[in-house]
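See structure below.
Letters A, B, ... are given to chains in the order of the sequence lines, protein chains preceding strands, and every chain is numbered from 1.
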Protein chains: 2
Amino acid sequence: MNEAPELEGALGISAVERDTGVAKDTLRVWERRYGFPAPMRDANGERLYPAAQVEKLRLVRRLLDQGRRPAKVVGADVEELRALIVEGEAGAGATPVPCPLLQYVRLHRSAELAAALRQALLRQGLQGFVADTIAPLNQAIGEAWMRGEIEVAEEHLYTEQVQNVLRAAIGAYAGTGAPPRVLLSTFPDEVHTLGLLMVEATLAPEGADCLSLGARTPIVDLREAAVGGGFDVVGLSFSAAYPWRQALDGLLELRAMLPASIAIWAGGAALKGRQKRLPGVRVVEDLADTLAALREWRAAAAD
Amino acid sequence: MNEAPELEGALGISAVERDTGVAKDTLRVWERRYGFPAPMRDANGERLYPAAQVEKLRLVRRLLDQGRRPAKVVGADVEELRALIVEGEAGAGATPVPCPLLQYVRLHRSAELAAALRQALLRQGLQGFVADTIAPLNQAIGEAWMRGEIEVAEEHLYTEQVQNVLRAAIGAYAGTGAPPRVLLSTFPDEVHTLGLLMVEATLAPEGADCLSLGARTPIVDLREAAVGGGFDVVGLSFSAAYPWRQALDGLLELRAMLPASIAIWAGGAALKGRQKRLPGVRVVEDLADTLAALREWRAAAAD
DNA sequence: CGTTCATTTCTGTCCTGGACAAAGTTGAAA
DNA sequence: TTTCAACTTTGTCCAGGACAGAAATGAACG
């Protein structure tokens, strides 16, 4: 309905919300309180954010996701922000995560990337491939992206190629359906599906009957699907960018809707390390823990 | 921050936006203008939408997607809406598009769906499968969705299963790179990727060097990618839900950004049948026409 | 009768500026 | 060290007004 893509490379508030993930209301209140962003106005008095400010907003977003407070970062200048990113990375990650495949995540090397991924899959097996290649590669890509070493298009390219390989591999397990029956999806404002595929790729070789709905299933439909489809477990994935608090709220809401006989498993970077207690929700720390959850479920079901 | 999980099954305005796809501002303005929805208020004066109203909003949304005007549907009662849905479907579709696979698009029949898809693929070959099975099935699903015969979750399920099969099949052509080099994606507000996969599945067997970036690539990044990656063609896909005019604007903008040596191909339901004059853009009517475009390009390149 | 163009109506998005509860932080008491 | 109360920060919501672009309508024309 909108999207006049703003000739000089400046974006409207809606486009900025889409590109940075910062809500329109929040953008306006930041401007009021911290003096940043300071968009221009078009002929109609509507905000127009220059590309540089959008870029800085992306930085700010990353820092907030790292746990910083807005008062410290919204308003600081770009130099300071970059310093903070390096600092935060050193403190948190500690591991630089070097990954040999990273060099192939380039538009003109897509064929090599695809080949290398397939080769790694054959070498490590599906579960090992996901845990030892894809997971670190994901993290490396995320960090490289934050450092501005990777283009948007290249990140898309990477996601596509990994999907191709994983989906083909998962397809090989089609039809081997043993309990539990697991329904996988994400909440409506989470678009990242790689996490779901990784879980599916981890569970499928164990003979679990996995079904992914992809991203963005409304909570109500999730309940309908879980109950109507006779599922034992509903699995949700949350990427690092997902607001932590929102995940908890959504999980509690879903928990209240589902019968107690259906388990909820939740995992992903947004939940990692947070030890919020979620009654009735199994928080999965990583892929290995996913397998643990599977064993727990089967042990409990055996009684 | 939000999401007090709405004890009586009523949702806050944010949750309703998520679940229905109607923006908060729009919900408020509908209330002001048409008297619907008419949410309750919580202790703090904030809107609380009862489940029934959310359900009705879903109906309204469907009718708007069908092309109805808000004045006619927001405000009508549920009976009328249901009547309109039946009527609209009779007038528009005309062809019931019976598709045998449609019966398997059920949560408890996902295994049968996957098996039937694979079987059809083997029987028809990749190109035939896409043209004669997936394309009609897509349309049938769309119509069934309009009629309310299909759940959100079931539509997601379908998309996932088709992706699994297509991506596995496309993977088999990896590495066979003959010109032209084709970059595929969608504009930032188009999330549907099935169209891209169908194009890729149609071109790959012809030996074309296809690379999909998935959905939602910003136009600027599309230019960077096309130029930097040495592509000959940029292909864009537009689902039926995409605003027609917006597609034209975006295509013209992209055309202006790209060097003349890079062709633009555009296709999808949003462009089908429209009388369009788009200088420098090859509008592709359907999958067969995609192959025609490929032949044209190769003929021109041979000079 | 079908097209093209101008005018009116409809509709979604944006605006300002105020309010408030939940989340986070601090510091004193146990 | 932990617990809890008081304080500060921060994102979301609200009202009600404005307006541009899309859709519908009507007029002029071939």
Side-chain angles (χ1 to χ4, degrees), chain A residues 1-6 11-18 20-36 39-49 57 60-61 63-75 189 243-249 252 274 276, chain B residues 1-6 11-18 20-36 39-49 57 60-61 63-75 189 242-249 270 274-275 277:
Chain A
M1 204 59 53
N2 53 346
E3 305 321 300
E6 292 86 19
L11 300 179
I13 196 170
S14 237
V16 174
E17 171 174 23
R18 190 161 38 57
T20 66
V22 181
K24 291 187 268 263
D25 272 325
T26 306
L27 286 169
R28 287 191 276 254
V29 95
W30 280 1
E31 183 180 338
R32 202 195 307 167
R33 288 191 186 140
Y34 311 115
F36 180 85
M40 313 172 304
R41 299 296 176 126
D42 69 5
N44 189 33
E46 303 194 349
R47 290 172 175 79
L48 267 188
Y49 296 82
L57 278 170
V60 167
R61 189 74 208 294
L63 286 164
L64 293 185
D65 287 347
Q66 270 184 15
R68 310 256 176 195
R69 306 298 317 268
K72 308 283 182 188
V73 294
V74 187
D189 31 20
W244 165 60
R245 168 120 213 112
Q246 210 169 309
L248 301 188
D249 287 343
L252 288 174
R274 324 256 177 205
K276 270 295 187 185
Chain B
M1 208 68 34
N2 51 350
E3 304 324 297
E6 292 86 17
L11 301 179
I13 195 169
S14 236
V16 174
E17 171 174 21
R18 277 207 322 242
T20 66
V22 181
K24 291 188 268 264
D25 272 325
T26 306
L27 285 168
R28 285 191 277 255
V29 93
W30 280 0
E31 184 180 337
R32 201 194 308 165
R33 287 190 186 140
Y34 313 115
F36 179 86
M40 313 173 304
R41 299 296 177 127
D42 70 4
N44 190 31
E46 304 193 348
R47 289 171 175 79
L48 267 187
Y49 296 81
L57 278 170
V60 168
R61 189 78 207 299
L63 285 163
L64 293 184
D65 286 348
Q66 255 184 29
R68 307 261 176 191
R69 307 300 317 269
K72 309 282 182 188
V73 295
V74 187
D189 30 21
Y242 199 89
W244 166 62
R245 178 169 284 279
Q246 206 170 308
L248 300 189
D249 290 346
R274 306 276 173 191
Q275 195 63 33
R277 27 189 157 66

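Looking at heavy-atom distances under 4.0 Å, A:Asn44 makes contact with sugar-phosphate atoms alone, never a base. Residue A:Arg28 is classed as a base contact, given a heavy-atom separation below 4.0 Å to a base.
Residue-to-nucleotide proximity on DNA chain D shows that, of A:Ala71 and A:Asp25, the 5′-proximal contact is made by A:Ala71.
The side chain of B:Tyr34 places no N or O atom within less than 4.0 Å of a non-bridging phosphate oxygen (OP1 or OP2) of C:dC10. The phosphate of C:dG24 (OP1 or OP2) has no side-chain N or O of A:Arg68 nearer than 4.0 angstrom. Close to D:dT12, at under 4.0 Å from its OP1 or OP2, lies a side-chain N or O of A:Thr26. OP1 and OP2 of D:dT12 both lie 4.0 Å or more from every side-chain N or O belonging to B:Arg47. For B:Lys24 and D:dC13, the shortest distance from a side-chain N or O to OP1 or OP2 is below 4.0 Å.
Shown here for A:Ala71 and A:Tyr34, the closest heavy-atom pair between the two residues is CA-CE2, 4.1 Å.
Interatomic distance, B:Phe36 CZ to B:Leu27 CG, rounded to the nearest 0.5 Å: 9.5 Å. Between atom CG of residue A:Leu11 and atom CD of residue A:Glu17 there is a gap of 12.5 Å, rounded to the nearest 0.5 Å.
Atom-to-atom, CG of A:Leu64 to P of D:dG11 comes out at 7 Å; the value is rounded to the nearest Å. Put simply, CD on A:Glu46 is 12 Å from P on C:dT13, counting in whole angstrom units. In this structure, CG of B:Leu48 is placed 14 Å from C1' of D:dT12, rounded to the nearest angstrom. As a whole-Å value, the separation of B:Leu63 CG from C:dT11 P is 14 Å. Residue A:Leu57 contributes atom CG, which lies 12 Å from atom P of D:dG11 at whole-angstrom precision. In this structure, B:Glu31 places its CD atom 7 Å from P of D:dA15, rounding to the nearest Å. Atom CD of B:Glu17 is separated from atom P of C:dT13 by 9 Å (rounded to the nearest Å). For the pair B:Arg32 CZ and D:dC14 C1', the computed distance is 11 Å after rounding to whole Å.
A salt bridge between A:Arg41 and A:Glu31 is present, with a side-chain N of the basic residue lying under 4.0 Å from a carboxylate O of the acidic one.
Of the candidate nucleotides D:dT9, C:dC14, C:dC15, C:dC14 has the atom nearest to the side chain of A:Ser14. Listed nucleotides D:dC14, D:dT10, C:dC10 differ in distance to B:Arg69; the shortest reach to its side chain belongs to C:dC10. Checking D:dG11, C:dT25, C:dC14 against the side-chain heavy atoms of A:Trp30 singles out D:dG11 as nearest.
Formation of a donor-acceptor pair under 3.5 Å by the A:Arg68 side chain with backbone atoms of A:Leu63 is not found in this model.
A donor-acceptor contact under 3.5 Å links the side chain of B:Arg33 to the base of C:dG12.
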